[in-house]
Every structure is written in structure tokens, then in C-alpha cells.
There are 2 protein chains.
Amino acid sequence: MPRGRTRDEEARIRILDATFELVGANSPGKVTINEIAAAGEVAKQTIYRWWPSRTAVLLDALVHGTMKATPFKETDNLQSDFEGHLRGVIRLFNSPTGKIIRELIAESHADETIAEEFRNRFWQPRRDLSQARLQRGIELGQIRSDIDHEVVLDAIYGPLWLRLLIGHLPMKPADARRIVDAVWPGIAQP
Amino acid sequence: MPRGRTRDEEARIRILDATFELVGANSPGKVTINEIAAAGEVAKQTIYRWWPSRTAVLLDALVHGTMKATPFKETDNLQSDFEGHLRGVIRLFNSPTGKIIRELIAESHADETIAEEFRNRFWQPRRDLSQARLQRGIELGQIRSDIDHEVVLDAIYGPLWLRLLIGHLPMKPADARRIVDAVWPGIAQP
DNA sequence: GCTTAAATACGAGACTTCTAGTATTTATAG
DNA sequence: CTATAAATACTAGAAGTCTCGTATTTAAGC
């Protein structure tokens, strides 16, 4: 047991909650560290004692505020499982979470460390989930075995990310069906 | 003919060229206006006389440096036309142009004006090109007529954008074939 | 047990640094 | 005479650092 005052766990949670809420609520512009500190009722230095940068706080807030993975059912109909999962992710992206993701992607451009952490802590776990399901589909003979997993996953989830980041069109939960329908014939076992 | 000294056209080009080169060459971090001014051998105020913001310069530099649209052949084989076009775009995204696009997307997050201009001046023209080709395919009976164009285009080009912006995997020109192959069965006229 | 010292965290806010964008002044081209 | 360009000082705002006083917890001395 280390000596000294212990970390204020409630402060940590207040910081992450405040960050998540501020970024999700405030329109595009940046949320400053001072605002986060004020909203979390915490001194700025308390933030910098535990996080190396503003962006690191954002990333933690994202992971903290989106803990529960979007569910991925496992029925005997793989196609509708994917459709359901995609629909869930679409909903997630249309919530405040979407704004935080956008901001993190933006910041990632200037900070490869954050880019990597984003992939490791947010992107990859979800990716692995879909990937495993795809693999299972192959073993069950529902999916062609000669496909490039990465390309298929990018084709299914890419349109959603594209619309989130470019903003040319909204992405509705109902689009999940269209997307999966468009891609499925190319990957299903004939 | 306007009175007074005329605009220095060479300076304008030096600014755009310098911007394009600096963003493309320098690793992730931001290129500052001062650096651009120095590299273009121009006073900072000369930049702000003609562009409203740093990001506006970036956007002009992108359009200026990527003038020639990636070619879109029109043979009797629509599938391979799409594949060829996608291959071209992949190559473009792997060049310095890719970095400028990433930076612009990042900046767009905090500036909806730029986001809109980016879509209008870079995204939409290319989108329209692909869209027209898709429409033509329908008229020729090669493509199903009941598909959602937007979703199909997002599925074809989404993976590329995804890999550019997330950086989880590189996108090679050879992937163009895999992507189009994956999507095509879902849209081709049976 | 009780007191005290050591170690660490927190709050508050001044301070530093960096960069976008503005303003001013002087020179130069049409 | 008029508008642009160069040079450079200036303003504003935000990230991140530093300092100081205070609070909290463990360990040592008695």
C-alpha cells in the first residue's frame, strides 16, 4: 500500500463524465481544459497529474462513456446478426459518442500516440468482435472462405464512418439493412 | 482594369505550392501559417489578404494540387471501370494528397464552413462522377435499378477513406479489385 | 494507542509558450 | 494616385507548467 493521500476516484469520474458531456453537447468547437476542470469541479493540475494531454482525457472519456460494447447477437442467421450490430453502431454514432469520436480522429492526425491508443482501446476490440463473428460464419459454411476479412469488414462498417467523418449524408439505423444487403451477396457461400 | 498595383499571381501559386508540399512532407504535426509564409517567400499578411483562414489555404492547396480528376474510363465493362477508378483514388490517397485530406478533415471538425466547402469543392465533384457512371450502368441494364446509390458508393469508396482516417491498415492499389469484387455481386443485374 | 513525520494528492491561480489572426507602417508596381 | 506587398509588432486564446498552501493517508517513534 503506497503512502500518502490516495487518488480521488470521484474526481476522476467527474472529469471523465464532464468531458463526455461537454464534448457531446457543445457544438463542433473545441471544449477547453479549463472548461472541463470547471465542470468537473477540479483543479486543472489534477487533470494533468493523471493525463498527459487534453486528447488523452478525451480518449479516456470515450472509453469510459461507452464501456458496454454494442451487442452482437449470435443466432443462426449471420446476416441479420451483422445487420443488428451495425444498426447498434449507427445509433451509437448518432449519439454524443459520435462527436467525441470525430474530435478524437481529428486530434489523432497531429498525435500518432493518440491515434494508436484510439485504435487499441476503441477500434480494435470492436473490430475483433466482428472479425470473430465472420470467422465463425466461415466455419459454419455460411461465408465464403476465400474472402479478405479486412476488406469485408471495411466495406460493412466503412460507409458509417465515412458519413460520420465527411458529413455528406446522415446515417440512419434503417440504412443498416441496405448496407448489409449490398455487401452480402459478395461474401455469402453460394 | 482595376486601379493600383495588381495581385501578384506568382505569389499566390508559391503559397499554394508551399502549403501542399509542407503538409505532404512534414510528418503528422501541423504546418503553421508562418512556415507557409516563409516557404512561399511571402508576408503573412499577404496570405490573410486573400484567404480568410489557414484552413481555407489548405483547401485551396488541395484543390490546386489535385486539379486533374482521377480518370474514370468508360468501357463496356462497368465493373472494371470502377475498379480502375478506385485504384487511381487509392494511389492519390497514398500520395501527399492523402495527408492534406486528413488535415482538412481534422480541421473540418471545428469549422463547419470548411467542412461544407470541402464537400462542395473536393468531395462532391468526384462523387458526382461516380454517381453518373453508376446511373449510366443502370440505364445499360448492367446494374440493378432498385439500389440505393449513396449506399453503394459509400460501400465502394468507404473502405479507402476508413483506412486513410483510422490508419488501422494500409490500402494498396491491389485492394481495389478485392473491394469491387466484394460489392459487385450485390449490385449487378442478375 | 497517540503523536509526529513523510509522502502524496488536491485546489487555486499565476505564468510560459505557441499559434491564428489583426493592425500598422513603409515600399513598390501599375 | 491607388492597391498590393513586405516586415513586423501586436492581440487573443488555449495548452501545458510551476508554485504554494492545504488535505489525507501511511509509517515510525514513543
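Every chain is numbered from 1, with letters handed out A, B, ... down the list of sequences.
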(message) Considering every strand and a 4.0 Å limit on heavy-atom distances, what is the contact class for B/E41: base, sugar-phosphate, or nothing?
(response)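 Counting heavy atoms under 4.0 Å across all strands, the contact made by B/E41 is with sugar-phosphate only.
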
(message) Applying a 4.0 Å non-hydrogen cut-off, can you work out what A/W50 is touching in the nucleic acid: base, sugar-phosphate, or nothing?
(response) sugar-phosphate

Using whole Å, what does the distance between atom [atom2] of nucleotide [N] and atom [atom1] of [X] come to?
X	N	atom1	atom2	value
B/D8	D/dT2	CG	P	22 Å
A/Y48	C/dT16	OH	P	18 Å
A/I47	D/dC18	CD1	P	17 Å
A/I33	C/dT16	CD1	C1'	17 Å
A/R54	D/dG13	CZ	P	17 Å
A/I36	D/dA14	CD1	C1'	12 Å

I'd like to know if [X] reaches the base of [N] with its side chain such that a donor and an acceptor end up less than 3.5 angstrom apart.
X	N	result
B/R5	C/dT28	yes
B/K44	C/dG21	yes
A/Q45	D/dC18	yes
B/R7	D/dA5	no

(request) Let me know which of A/W161, A/F118, A/Y157 forms a ring pair (Phe, Tyr, Trp, His ring centres under 6.0 Å) with A/W123. (result) A/W161

(request) Flag yes if more than 12 heavy atoms outside B/R7 fall under 6.0 Å of its CZ atom; otherwise flag no. (result) yes

(message) If you count heavy atoms of other groups shown closer than 6.0 angstrom to CD of B/Q135, is the number above 12?
(response) yes

Report yes if a side-chain nitrogen or oxygen of [X] is closer than 4.0 Å to either non-bridging phosphate oxygen (OP1 or OP2) of [N]; otherwise report no.
X	N	result
A/T6	D/dT24	no
A/R49	C/dC10	yes
B/T46	D/dA6	yes

(message) With nearest nucleotide decided by heavy atoms, which residue, B/S53 or A/A11, maps closer to the 5′ end of DNA chain C?
(response)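 Result: A/A11.
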
(message) Looking at A/R121 and A/D60, is any side-chain nitrogen of the basic one under 4.0 Å from a carboxylate oxygen of the acidic one?
(response)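 Counted as a salt bridge, because a side-chain N and a carboxylate O are separated by less than 4.0 Å.
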
(request) Output yes when A/R54 and A/E103 qualify as a salt bridge under the 4.0 Å nitrogen-oxygen rule, no when they do not. (result) yes

